[in-house]
Amino acid sequence: MNGFKPDHLRSDVRASPNFGPRKDGKRPSILVLHYTGMETGEAAENWLANPQSEVSAHYVVHEDGRIVQMVPESERAWHAGQSFWKGETDINSCSVGIEIVNGGPLLGFPEFEPAQIDAVIDLCKGIISRHGIRPEYVLAHSDIAPARKIDPGEKFPWPVLFDAGVGHWVSPSPVRGGRFFTLGDQGQPVEALQSMLALYGYGVPIDGVFGNATQLGILAFQRHFRPEKVDGVADMSTIETLHRLLSSLPALSA
């Protein structure tokens, strides 16, 4: 594939060979945001265009707001890897992936640039409109792969996107004392917490045991929805924020 017409008109095209057809007739219903985690945007593009990498994304958004489309939205890019959301395990076949140029831990977790976030919002709005993606299906890579990924990380400005009409958000409940659950805890309250995480979409067991998988789910949830304190402990702030997110979903509202 030497080139294609961009889905997002304000994007350049650099075609990656790393893609295939969406499987089983699936269409995009999820939008996944990543950071590149590399030193430069050019290095990230080169990696995503390298057939030996066997990875790709539909879009790359640079610090200055420049957008590069590498795979048509109609095709299956290879960005999600082993992942899970609401029972779906082939996220690549039902998602669009955006790589946001940011060094992440390699460069000490730099801030995202305002022009870059403006471009991400504009791009997301177009994708959401074209595919009818629901707000709660605009996700972090860490949401769908909490055992492997932390991107786009706790510095990503999800509230700014929400205020612009992208994604799902409630203001986090304040961090404070009170009852909490952590590794090794067991019982019905832990099972209720796991049920809420699973209902929102996270891949956690519902067995009443606060094990590693549950802790990873809590960490991913906190990175996205309660970034002030990301420690894997299900404190009252985390539980209340999760409950309010579930209550704000249209299908679950009273």
Side-chain angles (χ1 to χ4, degrees), residues 24 26 29-34 80-95 105 133-156 158-159 162 167-254:
D24 301 322
K26 293 177 181 177
S29 59
I30 297 173
L31 177 54
V32 182
L33 304 188
H34 311 250
Q82 185 177 356
S83 50
F84 176 98
W85 194 254
K86 284 187 177 289
E88 177 61 68
T89 56
D90 184 5
I91 302 295
N92 282 335
S93 284
C94 59
S95 67
I133 296 174
R134 293 173 50 163
E136 68 271 22
Y137 284 82
V138 180
L139 301 170
H141 196 189
S142 55
D143 289 323
I144 63 172
R148 300 185 300 110
K149 298 295 181 179
I150 63 171
D151 58 310
E154 48 262 49
K155 284 191 174 181
F156 188 74
W158 293 103
F162 178 73
H168 187 213
W169 180 262
V170 297
S171 296
S173 295
V175 176
R176 62 189 191 281
R179 189 176 184 184
F180 62 89
F181 304 108
T182 190
L183 275 175
D185 286 340
Q186 300 184 34
Q188 194 279 328
V190 173
E191 183 176 342
L193 169 65
Q194 293 171 325
S195 296
M196 288 197 296
L197 284 168
L199 184 59
Y200 198 78
Y202 289 93
V204 298
I206 305 175
D207 58 6
V209 179
F210 198 117
N212 289 329
T214 300
Q215 183 183 57
L216 289 168
I218 290 292
L219 283 166
F221 176 82
Q222 290 171 336
R223 283 193 181 96
H224 189 154
F225 296 107
R226 211 285 302 276
E228 178 184 349
K229 187 176 183 181
V230 180
D231 60 3
V233 174
D235 58 6
M236 291 307 300
S237 167
T238 301
I239 295 168
E240 287 176 0
T241 303
L242 173 57
H243 184 267
R244 288 167 49 234
L245 275 166
L246 286 167
S247 297
S248 68
L249 293 173
L252 300 177
S253 297

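Numbering starts at 1 and runs along the sequence shown. Because only heavy atoms are used, hydrogens play no part in the values below, and waters and symmetry mates are left out as well, while side chains stay in.
Rounded to the nearest 0.5 angstrom, F181 CZ and Q186 CD are separated by 12.5 Å. With rounding to the nearest 0.5 Å, the separation of CD1 in I218 from CG in L193 is 4.5 Å. For the atom pair CD1 of I91 and CH2 of W85, the computed distance is 9.0 Å after rounding to the nearest 0.5 Å. Rounding to the nearest 0.5 Å gives a distance of 5.0 Å between CD of E136 and CG of L249.
Proximity of V209 to V190: side-chain heavy atoms (C-beta onward) are nowhere separated by under 4.5 Å. Two residues are said to be in side-chain contact when any heavy atoms from C-beta on lie closer than 4.5 Å; R148 and Q82 meet this criterion. Residues F221 and L245 form a side-chain contact, since some pair of their non-hydrogen atoms from C-beta on lies under 4.5 Å apart. In this structure, the side chains of L139 and I30 come closer than 4.5 Å at one or more pairs of heavy atoms.
Note on residues 208-225: pairs passing salt bridge (charged side-chain N to carboxylate O under 4.0 Å, His left out), not counting sequence neighbours, are E154-R223. Within the structure, every pair that satisfies the salt bridge (charged side-chain N to carboxylate O under 4.0 Å, His left out) test and touches residues 83-94, not counting sequence neighbours, is listed here: K26-E88, R76-D90. Residue pairs meeting the side chain to side chain donor-acceptor pair (under 3.5 Å) criterion with at least one partner in residues 206-218, sequence neighbours excluded, are Q194-D207, Q194-T214.
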Identify all side-chain donor-acceptor contacts of residues 195-204 below 3.5 Å with residues at least two apart in sequence or on another chain.
| residue | atom | partner | partner atom | Å |
| --- | --- | --- | --- | --- |
| S195 | OG | E191 | O | 2.9 |
| Y200 | OH | H168 | ND1 | 2.7 |
| Y202 | OH | D143 | OD1 | 2.6 |

Tell me which donor-acceptor pairs under 3.5 Å the side chains of residues 169-180 have, and how far apart each pair is, sequence neighbours excluded?
| residue | atom | partner | partner atom | Å |
| --- | --- | --- | --- | --- |
| S173 | OG | E240 | OE1 | 3.3 |
| S173 | OG | R244 | NH1 | 3.1 |
| R176 | NH1 | P174 | O | 3.3 |
| R176 | NH1 | E240 | OE1 | 3.2 |
| R176 | NH2 | E240 | OE1 | 3.2 |
| R176 | NH2 | E240 | OE2 | 2.3 |

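Under the ring pair (Phe, Tyr, Trp, His ring centres under 6.0 Å) criterion, F156 pairs with F112, W158, sequence neighbours left out. Applying the side-chain contact (heavy atoms from CB on, under 4.5 Å) rule to L216 yields the partners P146, A147, L219; only residues at least two apart in sequence or on another chain are considered. Scanning for salt bridge (Lys or Arg N to Asp or Glu O under 4.0 Å) contacts around D235 gives R226, with sequence neighbours left out.
A donor-acceptor pair is defined here as one N or O able to donate and one able to accept, closer than 3.5 Å; such a pair exists between the side chain of N92 and the backbone of A80. Between the side chain of T241 and the main chain of I239, no donor-acceptor pair closer than 3.5 Å is present. The backbone N or O of G153 sits nowhere less than 3.5 Å from a side-chain atom of D151 that would complete a donor-acceptor pair.
Of all the heavy atoms in V32 and S95, the pair that sits closest is CG2-CB, 4.2 Å.
Remark: K155 NZ is packed, more than 12 non-hydrogen atoms of other residues, nucleotides or ligands lying under 6.0 Å away.
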